[in-house]
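Scroll down for the structure; my scribbles are underneath it.
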Amino acid sequence: MRNIRLFWQIFPVCIGITLVSMLAVVWLASTTGHTFYIEHLKEEIRERALLIEPTIAVLSGGDDRPFQDFVRQTGRRAATRITVVDGHGTVLADSNEDHTLMDNHGHRLEVESALAGEVGYALRRSRTLGESMLYAAIPVKIGQDQQRGALRLAIAVTPVEDMLTLLHKKMAGIALAVAVLAGLLSLYSARRISRPLEEMRQGAEQLTKGRIDQLVKIESGHMSAEMASLAVSLNQMAEQINRRIRIIIQQRNELEAVFSSMADSVVAIDADKKVIRMNQAAAVLFGLPAEVVKGKAIEGVIRNSYLLEMVNLTLNHNLPQEQKVSLFTGPDPVILQAHAVPLRDEDNRSIGMLMVMHDLTKLSRLETIRQDFVANVSHELKTPITAIKGYVETLLDGALDDADHAHRFLAIVNRQANRLDAIVDDLLTLSRIENQENKQEIALEPGEVGLVLESAIQTCAVLANEKEIVLQVEGDQKTKTPMNPPLLEQAVINLLKNAITHSHRGSMVTLRCQAFTTMDGEQQLHIGVIDHGPGIAREHLPRLFERFYRCDRARSRDQGGTGLGLAIVKHIAHIHRGTVAVESSPGKGSTFTIILPVAK
């Protein structure tokens, strides 16, 4: 059954009762008034008939003309129509019309009653006069033989009906006014009763929606005692619920902040193996939006068999699980330390599980890098140290007495010592740059790149002249970029030295500076070093900027390289919020590019 608002249960009932009452009063007043007036007229017309009845009885037995004159004059004085009818219904005299032209009245109801010896009444419309008339007829003795006839008097009731109609209209107007007033009072009363309940309902709805910031305060000053007591109770309940909800929201926000900010991936799973929720780290790990996976089967979210096995064991045996898992979500595996613990309710019943996955990929990669770095450093340092140690031992064994051999061996020792010094210097430089990059201690100021390029060309000019290599500068050198001039100059020098070292004698090395606009509208500055050396095979390009990586180790050592120059260039580019790139093909030379943002 459909529920109806309290307002519509009260207001229409009050209006209905008022209208029915007024209609009953109007109907009763109109019918009673009409009956009262008619009865009063009947009594009045009967008394008039009784007053003239003796005269009619006397005159009807004599000359006809005095009889006719009396009827006509008496009717006009009394404003009453007087008609005398004999026992056969023939009209003997009439105060208004010529009696000889009138119809037989023997079948008129009031005449029939009078001829029967009783007083008769009738209310109908007169065809002769064209208006409603009240007829009253009494028995009368007429003629010399005193035959029974009827004396009928008629009076117009149209004025009475007009008066009653006017009275009805006034009463209807009064009734309408009373109904409108009653409707307004009913509307006011219904609203006064229903409005507090509506406010209570709104307050309850706000509580159910959790809108504690928009609670409705119910005023109880103009209510009934029962309603005011209910309003006070609801206000108190709302305040208590408000306090508790605020505490719950605060605790939830705290937990949500902890849950969302956790670097570890967290997935909550119910007893039916469906995802309750996951944090942002887990969403990134599995490549799925956290909001979409809610209520989804865990098999559709986690595709790793080891993790699914941990889920099954934890849910089936209610025991914590821990395992190291490799997750393949891209080109490189992700190493996870997964922990699974059961979730229980207040009755210690299992309701699901919680899986926390700590990403060990970075630590593993750093460990690998550390091991490779130690191995590479050890290898790079061991080669000159071994050479120095061998030639020193040779000199100590007697070669020192041979001046030519001693001089040559000491030159080799000096060259290997310089190589050790260069490696140590590059390691210290790389460590200092990485430390400043991590701490963001290096300030960048917009400046023209041409000054840096000119200084780098001057620094490398001596080395280029030794191999008869021409250094050429191209492009717009007035372009500005946020930079640290000494660091950027060092990066350009490293690229120029590499280009000069690997270029053929008498060739050209070009230092090119160009501004570009990307597809996204970002302006970039490309500083490229172009040589015409032997080039680099494609398989070596992705690893060129790694520490100690060499395409040809024997050749690089003969040329005196440390294997750290390009790594230094990469970190300097990162400090300048830029990147590095390389293009090369065997036999066609190489192009190393530092890509920097243009100063706005």
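Note that CD1 of I493 and CD1 of I568 are 11.5 Å apart. Values are rounded to the nearest 0.5 Å. Note: T518 OG1 to Q523 CD = 9.0 Å, rounded to the nearest 0.5 Å. Note: T593 OG1 to I595 CD1 = 6.5 Å, rounded to the nearest 0.5 Å. To the nearest 0.5 Å, the span separating CZ on R505 from CD on E466 amounts to 9.0 Å. With rounding to the nearest 0.5 Å, the separation of CD in Q472 from CD1 in I457 is 9.5 Å. In this structure, the separation between CG on L315 and CD1 on I298 is 9.5 Å, given to the nearest 0.5 Å.
Annotation: side chain of V311 is in contact with side chain of M355 (closest heavy-atom distance under 4.5 Å). Considering only heavy atoms from C-beta on, I500 stays 4.5 Å or farther from D531 through its side chain. In this structure the side chain of L596 reaches within 4.5 angstrom of the side chain of I527, judged on heavy atoms. Side-chain contact check for T459 versus E489: some heavy-atom pair is nearer than 4.5 Å. Side-chain contact check for Q524 versus H526: some heavy-atom pair is nearer than 4.5 Å. Proximity of I575 to N484: side-chain heavy atoms (C-beta onward) are nowhere separated by under 4.5 Å. Proximity of V266 to M278: side-chain heavy atoms (C-beta onward) are nowhere separated by under 4.5 Å. Using a 4.5 Å cut-off on side-chain heavy atoms (C-beta onward), V473 and L471 make no contact.
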Point to revise | Full working for side chain to side chain contact (heavy atoms under 4.5 Å, CB included) between L566 and N494 | key: CA-CA 7 Å; L566 292 180; N494 285 1; over 6 Å; no

Review point. Between V529 and T510, is a side chain to side chain contact (heavy atoms under 4.5 Å, CB included) present by the stated rule, with each step listed?
Key: CA-CA 6 Å; V529 176; T510 303; over 6 Å; no

Practice item. In sequence, state the C-alpha distance, the side-chain angles, and the governing distance for R243 and R246, and then conclude on side chain to side chain contact (heavy atoms under 4.5 Å, CB included). Key: CA-CA 5 Å; R243 287 196 297 269; R246 289 186 182 277; 5.9 Å; no

Practice item. Test side chain to side chain contact (heavy atoms under 4.5 Å, CB included) on V492 and L511 and set out the steps. Key: CA-CA 9 Å; V492 176; L511 180 58; 4.1 Å; yes

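At a cut-off of 3.5 Å, with distance as the only test, a side-chain donor of E322 or Q337 sits close to an acceptor on the other residue.
A donor-acceptor pair under 3.5 Å links the side-chain atoms of H502 to the main chain of N498, judged by distance alone. Within the 3.5 Å criterion, the main-chain N or O of A282 finds a donor-acceptor partner in the side chain of N279. No donor-acceptor pair under 3.5 Å is formed between the side chain of K497 and the backbone N or O of C460.
Counting all heavy atoms, side chain and backbone alike, S503 lies closest to I469 at CB-CD1, 3.8 Å. The two residues H504 and G533 come nearest to each other via the heavy atoms NE2-C, 4.1 Å. The two residues M357 and L307 come nearest to each other via the heavy atoms SD-CD1, 4.1 Å. Shortest non-hydrogen contact noted between Q321 and T314 is CG-OG1, 3.2 Å. Looking at every heavy atom in both residues, I335 comes nearest to D359 through O-OD1, 3.2 Å. Smallest separation of non-hydrogen atoms from P597 and R577: CD-O, 3.6 Å.
Heavy atoms from other residues, nucleotides or ligands lying under 6.0 Å from CZ of F516 number more than 12. Residue-environment remark: NZ (K467) exceeds the threshold of 12 foreign heavy atoms within 6.0 Å.
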Tell me which donor-acceptor pairs under 3.5 Å the side chains of residues 578-586 have, and how far apart each pair is, sequence neighbours excluded?
{"from": "S584", "atom 1": "OG", "to": "I536", "atom 2": "N", "distance (Å)": "2.7"}
{"from": "S584", "atom 1": "OG", "to": "G589", "atom 2": "O", "distance (Å)": "3.1"}
{"from": "S584", "atom 1": "OG", "to": "S590", "atom 2": "OG", "distance (Å)": "2.7"}

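Between I530 and the choices R512, E474, M508, the side chain to side chain contact (heavy atoms under 4.5 Å, CB included) rule is met once, by R512.
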